[in-house]
Amino acid sequence: MMAKMRFVRRVSSLPEFGLLLLVIFVLLEGSLLPLGAASSTSKSCEEAKQGHTEVHNFTKKAFPVLGVDYGHIKNPFEISLWVLLACLMKLGFHLIPRLSSIVPESCLLIVVGLLVGGLIKLAREEVPPVLDSKFFFLYLLPPIILDAGYFLPIRPFMENLGTILMFAVIGTLWNAFFIGGLLYGICQISNSDLTAIGILPCLLFGSIISAVDPVAVLAVFEEIHINELLHILVFGESLLNDAVTVVLYHLFEEFSVDGSVTVLDGILGVISFLVVALGGVLFGAMYGFLAALTSRFTSHTRVIEPLFAFLYSYMAYLSAEVFHLSGIMALIACGAVMRPYIEANISHKSHTTIKYFLKMLSSVSETLIFIFLGVATVDGRHSWNWIFVTMSVVLCLVARVIGVVGLTFIINKFRIVKLTTKDQFIIAYGGLRGAIAFSLGFLLKEDHFHMRDMFLTAIITVIFFTVFVQGMTIKPLVELLAVKKKQEAKRSINEEIHTQFLDHLLTGIEDICGHYGHHHWKDKLNRFNKKYVKKFLIVSERSKEPQLIAFYHKMEMKQAIQLVESGGGSKLPSAVPSTVSMQNIQPKNPPATTKPAERVLPQLSKGREEEIRKILRSNLQRTRQRLHSYNRHTLVADPYEDGFSDLILKKQRMMAIDKKVHNPR
């Protein structure tokens, strides 16, 4: 009897035991079942119709407790992994100070990319096309260029614009034709398959490899802390030679396919260069003004202010690329144009957001570019030719040295501050090549260029030589030659005031002499900007009110309120007070037992000090619009002069402060 009851219990527990086995089987096998799967009851219904009502074979799929679907999130997951790898490598690089003092960050990142690509190859997996030209030009390059354009030092850039254009235009043309022409001659005299390469493919290769790369220059020059003049010359050249590179690339690519060149084609090429360069600047300036105008109306929605700066800049780049214009010059122009107006309209938090978000994007993009360059080197097809590859490296160095020395000889005849021999050496040695050259070579079609793999191999060799050899040795050479480095401390307010004063003095001297130099046109542009553009693009209250008066009004109001709340003073002097003089206001009825409060000078934070610098720079006394004739009987204040109106406005402000302090309620 007991055995029978045990058997019945075992039989009754079989469904639960079977269900448990089914769940374990599903988890172990990793079967992927969609949520909400419908129960398959058609078979049981047919059996019921056939008369099998006594046995109900009802089969239902188990609810998926755990599912795995990697294909659904493959692309964003892999992108996140690449970004995480880039950030970890950058973090680890700076945690080892001894390594960072010897090896540039770009070199280490390329080595990491080579190791990652090698591991993928060893695992017999397909290496993803990480450095695809479309992905590089549309997503990785724009953040770096926008960061450079938005924070571009306008004053040194404009002061050296002529020198930068000489290196960017004439220098790039010289490098392209020198490298391409001599390579063609070497290919023709060599007893190998190189004799089949024509002059136009060689010139195309020269146009690709001739341009200095802005990403590589930024990565190396920011680590050696070179002085501002050399940095702006080399970096400015790398930014502005984009128009020359784009025109030469498309020109020689088209000529190589057609096989013929006419005089008309050369004239059209020159016109194309002007269109590409000026068109890119025009698109950038247009979107920059649109961004400034939009920021004028964002006072009630501060949270989206940074987004407008990013979107308008990216739209400028894409719009320029649609018409095959220079997207780099469009980004530079957009960032430089919109910055002064946007910063006058947006809040301080939005300004901080733009600053650090741009720095973060550009840093991550730069890191990914160098890692992807190493991965693409492992994955790419290479065709090594000792003569072509070696001569490419040698000719790049020779062309750069000859071009810099020759152009500097001409430029120094017109410069006040001459470029020394040390400066010429650093400019020539700092002509680094990078991922832009690789991406342009990758765009070549193998159907039209059977030597594409050899071109890519030579381009990668030149990039590695400039980044590793020149990038690693430029810092010791700078220290050996005792080249002047960048000043870590900012200029004092006194220096900035005297610099602005000298600008006004030189403008006045040019007016007296009747010579319309760059100081004259700079002053004219500033007047036009202040009189028309600022009133249209900056919020009306901020454009009309002088910033200097508004800032000191704000400081004194804040300090007066603090003094009143603390019982530090109830009466302000009728004269115009200053921030420091308000510290001397004694209490109305000081207690006999308490000691008089010691005078404490205000401690300014770095942000407040930078704000004072900016206001003093932009609000120094302007040179007069017109010359007034001297008359000893009419030596009175002219009510139409800006100084008199500012004095009246400031006096009214001080009277308002006095009323608020005496009547706080």
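We use all heavy atoms of the structure for the numbers below, so side chains are in, but hydrogens, waters and symmetry mates are not.
Here the CZ-NE2 distance, from Phe255 to His250, works out to 13.0 Å after rounding to the nearest 0.5 Å. Atoms CD and CG, on Glu228 and Leu233 in that order, are 10.5 Å from each other to the nearest 0.5 Å. With rounding to the nearest 0.5 Å, the separation of CG in Leu443 from NZ in Lys134 is 11.5 Å. Rounded to the nearest 0.5 Å, atoms CG (Asn227) and CD1 (Ile426) are 9.0 Å apart. Rounding to the nearest 0.5 angstrom, the gap separating the OG1 atom in Thr457 from the CE atom in Met451 is 13.0 Å. Note that CG of Asn385 and CD1 of Ile197 are 7.5 Å apart. Values are rounded to the nearest 0.5 Å.
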Stepwise, does the side-chain contact (heavy atoms from CB on, under 4.5 Å) test hold for Phe465 with Leu397? CA-CA 10 Å; Phe465 180 85; Leu397 295 175; 3.6 Å; yes

One pair to check against salt bridge (Lys or Arg N to Asp or Glu O under 4.0 Å): Arg452 and Glu253. What are the steps and the verdict? CA-CA 12 Å; Arg452 175 180 178 270; Glu253 184 184 25; over 6 Å; no

Is there a side-chain contact (heavy atoms from CB on, under 4.5 Å) between Val220 and Ser106 once you walk through the steps? CA-CA 7 Å; Val220 174; Ser106 55; 4.2 Å; yes

Output, in order, the C-alpha distance, side-chain angles, deciding distance and verdict of side-chain contact (heavy atoms from CB on, under 4.5 Å) for Val393 and Thr466. CA-CA 9 Å; Val393 176; Thr466 57; over 6 Å; no

Criterion side-chain contact (heavy atoms from CB on, under 4.5 Å) on Thr195 and Ile189, from CA distance to verdict: CA-CA 8 Å; Thr195 55; Ile189 63 177; over 6 Å; no

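For the pair Leu444 and Leu204, the minimum side-chain heavy-atom distance is below 4.5 Å. Counting heavy atoms from C-beta on, the side chains of Ile224 and His231 never come closer than 4.5 Å. Side-chain contact check for Leu248 versus Leu173: some heavy-atom pair is nearer than 4.5 Å. A heavy-atom distance below 4.5 Å is not found between the side chains of Ser392 and Ile179. Proximity of Leu419 to Ile427: side-chain heavy atoms (C-beta onward) are separated by under 4.5 Å at one or more points. Under the 4.5 Å side-chain criterion, counting only non-hydrogen atoms from C-beta, Thr408 is in contact with Phe167. Inter-residue side-chain proximity for Val405 and Phe409 is flagged as unmet; no heavy-atom pair is nearer than 4.5 Å. Looking at Ile170 and Leu165, their side chains never come closer than 4.5 Å, going by heavy atoms from C-beta outward.
Applying the 6.0 Å contact sphere to NE2 of His324 captures no more than 12 heavy atoms from other residues, nucleotides or ligands. More than 12 heavy atoms of other shown residues, nucleotides or ligands fall within 6.0 angstrom of atom CD in Glu78. Within a 6.0 Å sphere centred on NZ of Lys418, heavy atoms belonging to other residues, nucleotides or ligands number more than 12.
Of all heavy-atom pairs between Glu366 and Ala219, the closest is OE2-CB, 3.5 Å. When every heavy atom of Cys396 is checked against every heavy atom of Val462, the shortest pair comes out as SG-CG1, 4.1 Å. In terms of heavy-atom proximity, Leu229 sits nearest to Arg415 at CD1-NH2, 3.8 Å. Nearest heavy atoms, Lys90 versus Ser363: CE-OG, 2.6 Å. Residues Pro153 and Ile232 come closest through the heavy atom pair CG-CD1, 3.9 Å. Here the closest non-hydrogen pair linking Thr245 and Ser207 is CG2-O, 3.9 Å.
Looking at Thr390, its side chain never comes within 3.5 Å of a backbone N or O of Ile387 through a donor-acceptor pair. In this structure, the side chain of Arg400 does not engage the main chain of Tyr429 through any donor-acceptor pair within 3.5 Å. At distances below 3.5 Å, at least one donor-acceptor pair connects side-chain atoms of Lys422 with backbone N or O atoms of Leu481. Between the side chain of Ser365 and the backbone N or O of Ser362 there is no donor-acceptor pair closer than 3.5 Å. No donor-acceptor pair under 3.5 Å is formed between the side chain of Ser439 and the backbone N or O of Ile436. Between the side chain of Glu237 and the backbone N or O of Ala168, no donor-acceptor pair lies under 3.5 Å.
Judged by the 6.0 Å and 45° rule, Lys355 forms no cation-pi pair with Tyr150.
Here the two rings, on Phe205 and Phe388, have centers that are under 6.0 Å apart.
By the 30° and 60° cut-offs, the orientation of the rings of Phe357 relative to Phe310 is tilted.
Asp423 and Thr420 share a side-chain donor-acceptor pair at under 3.5 Å. Counting only N and O atoms by type, the side chains of Tyr287 and Ser319 include a donor and acceptor under 3.5 Å apart.
With Phe372 as reference, Trp82 is the one residue of Tyr139, Trp82, Phe442, Phe438 to meet the ring pair (Phe, Tyr, Trp, His ring centres under 6.0 Å) rule. Each of Pro143, Ser326, Ser313 was evaluated against Leu331; a single residue qualifies, Ser313, per the side chain to side chain contact (heavy atoms under 4.5 Å, CB included) test.
Checked for salt-bridge contact, Lys475 and Glu223 miss the test: no charged N lies under 4.0 Å from a carboxylate O. In summary, Lys484 and Glu479 do not engage in a salt bridge, as defined by a charged side-chain N under 4.0 Å from a carboxylate O.
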